[in-house]
Amino acid sequence: MTVLHSPSPLAIDPYGMDVLLDPYPFHDELRAAGPVAHITAHDVYAVGQYEAAAAVLGDWKRFSTTGGIGLADARKPGANFRPLNALLEVDPPDHARLRSVVNRILSPATVRGWRATMEHDAAQLVDRLLQDPEIEAVEDLVEAYIFKVFVDAVGVRFDRDAILAIGAMSFNQSGPPNALFHEAMRRVQPYLQWFEDSQRREHVKPGGVAWQFFLAEDAGEIAPGIASNLTRTFVRGGMDSTIAGLASTLMHLSRSPSQWQWLREQPSRARGAFEEGVRMETPFQVTYRVTTGETELGGVALEAGRKVGIFLGAANRDPLRWNDPHGYDAARITVGHMAFGGGDHNCIGQMMARLEAECLLGALLARVKSIEPAGAATWRPVNQMRTLDKLPLRLVPQ
Ligand code: HEM
């Protein structure tokens, strides 16, 4: 009979400010603690090794999303939790039914159909920015681009301050009720009604993705109220993630002139450069599951009904899975990275995110001879995310 161990206790708080600003020493400790650790500060299990993370993501029967994908257990009375997400926080078979409708709406043909507009928008933006080549790339370049192309394609209302405050709320709310959470909740108050309204049929634009959700509701393919819930999910999840991934990719490329030159010679590798960017600085650092019963993972015994944090950012730098895991390599074969999750709930917007990245990087590669740091890049502490706050860059036109 196999002897099972208890999860190794880990005293470090993954939501401490020092960890949020530099998560890599914590990831080393987490992986070294074995397949499953017990984060004592929050009394949850945590996995950081690639193999263990893949096992959890791939097994919804033992590791369910129905307790919510944040730190708090949504099933417990008084939990610090928002309404559950109709797609992400539901198990099969209900999940599969809704996912097939969303997949049809977000089909490869639909995504391909956005390419010309995204290329055009990217070219226009880069041409404009090149008139004054020192930029703050998070706001001037990446946010400006994603806010334009995502909002147009999904067909939702836009207000920059509201969207930034809603993003901060969403991705701090999934952690503990710490100072970041309270500050985000304070900041979002003036926009909560705007956010509710923006999920209503009368505020989505005909022809866009959100509009298609409402048509699917009219056709009886999805239950009443689900179109609003999906619109809410897309507004919350689809922008901050791609902004984070693109900005990180640009940061790494700006630090490696030879890789920028290599990409300029083969711009078709732009997509791979983005995949490597999200592997290195995984935008959603952690997501949670709940154990559906007593179970075992890698020889460690797990109790029933316990939250398990899957530290995707740690798995994406596991030296047992990746050669030179801390080195950015635009030519790396990144297949299997977990920045887009895995298993049944893998990111449904990943084709869109890749297209957005290809179009923006393509516009830059065609026009910019070199891309250089013009000051220190700084990280923005967010409970669930790894995202740059500022990225000063100098773009040298060709
Ligand atoms: C770089 C950009 C992105 C990253 C890193 C990312 C990351 C992720 C991750 C890690 C998950 C799985 C969460 C879990 O299993 O707990 C996920 C799911 C999801 N993502 Fe993304 N995402 C990105 C872009 C997008 C975009 C552009 C959209 C919308 C167009 C989107 C919509 C969704 C949805 C709806 C799900 C839930 C899927 C399901 O439960 O079946 N994401 N994403």
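Positions are given from 1 along the sequence. In each ligand, atom 1 is the first atom listed, and ligand 1 is the first ligand listed.
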So which heavy atom in the protein is nearest [atom], and how far is it from that ligand atom?
atom	value
atom 27 (C) of ligand 1	G238 O, 3.5 Å
atom 35 (C) of ligand 1	I348 CG2, 3.5 Å
atom 13 (C) of ligand 1	L88 CD1, 3.9 Å
atom 16 (O) of ligand 1	T287 OG1, 2.6 Å
atom 32 (C) of ligand 1	G349 N, 4.0 Å
atom 11 (C) of ligand 1	F340 O, 4.0 Å
atom 24 (C) of ligand 1	S241 OG, 3.4 Å
atom 5 (C) of ligand 1	A339 O, 3.5 Å

Going by heavy-atom distance to [atom], choose the closest among [options].
atom	options	answer
atom 25 (C) of ligand 1	A244, C347, G343, A353	C347
atom 12 (C) of ligand 1	E89, R99, H345	H345
atom 14 (C) of ligand 1	R289, M338, M239, R236	R289

Item to complete: Check whether any N or O atom of E356, backbone or side chain, sits under 3.5 Å from an N or O atom of ligand 1, and answer yes or no.
Response: no

Practice prompt. Return yes or no for this condition: an N or O of N346 is under 3.5 Å from an N or O of ligand 1.
Written response: no

Item to complete: State whether D73 and R75 are salt-bridged, where the test is any N-O pair (Lys NZ or Arg NE/NH1/NH2 against Asp/Glu carboxylate O) under 4.0 Å.
Response: yes

Report yes if the side chains of [X] and [Y] come closer than 4.5 Å at any heavy-atom pair, otherwise no.
X	Y	result
T387	D240	no
F158	S198	no
T282	Q285	yes
H345	T287	no
W379	D389	no
T65	V90	no
I348	F234	yes
D121	W114	no

Discussion item. Which residue in the set R380, R160, K390 passes salt bridge (Lys or Arg N to Asp or Glu O under 4.0 Å) when paired with E139?
Written reply: R160

Discussion item. Show the atoms of ligand 1 that are less than 4.0 angstrom away from any heavy atom in M352.
Written reply: 30 (C)

Worksheet item: If you count the atoms of ligand 1 from 1 in the order shown, which ones are under 4.0 Å from a heavy atom of F234?
Response: 29 (C), 30 (C), 35 (C)

Practice prompt. Could you tell me whether ligand 1 has any atom less than 4.0 Å away from a heavy atom of L312?
Written response: yes

Counting only heavy atoms closer than 4.0 Å, does ligand 1 sit against the backbone of [X], its side chain, both, or neither?
X	answer
I69	side chain
L87	both
F150	side chain

Worksheet entry | Worked check of side chain to side chain contact (heavy atoms under 4.5 Å, CB included) between R264 and K369 | CA-CA 8 Å; R264 290 196 75 214; K369 193 162 65 182; 3.9 Å; yes

Worksheet item: Can R317 be said to sit on top of Y24's aromatic six-ring, NZ or CZ under 6.0 Å from centre and within 45° of the ring axis?
Response: yes

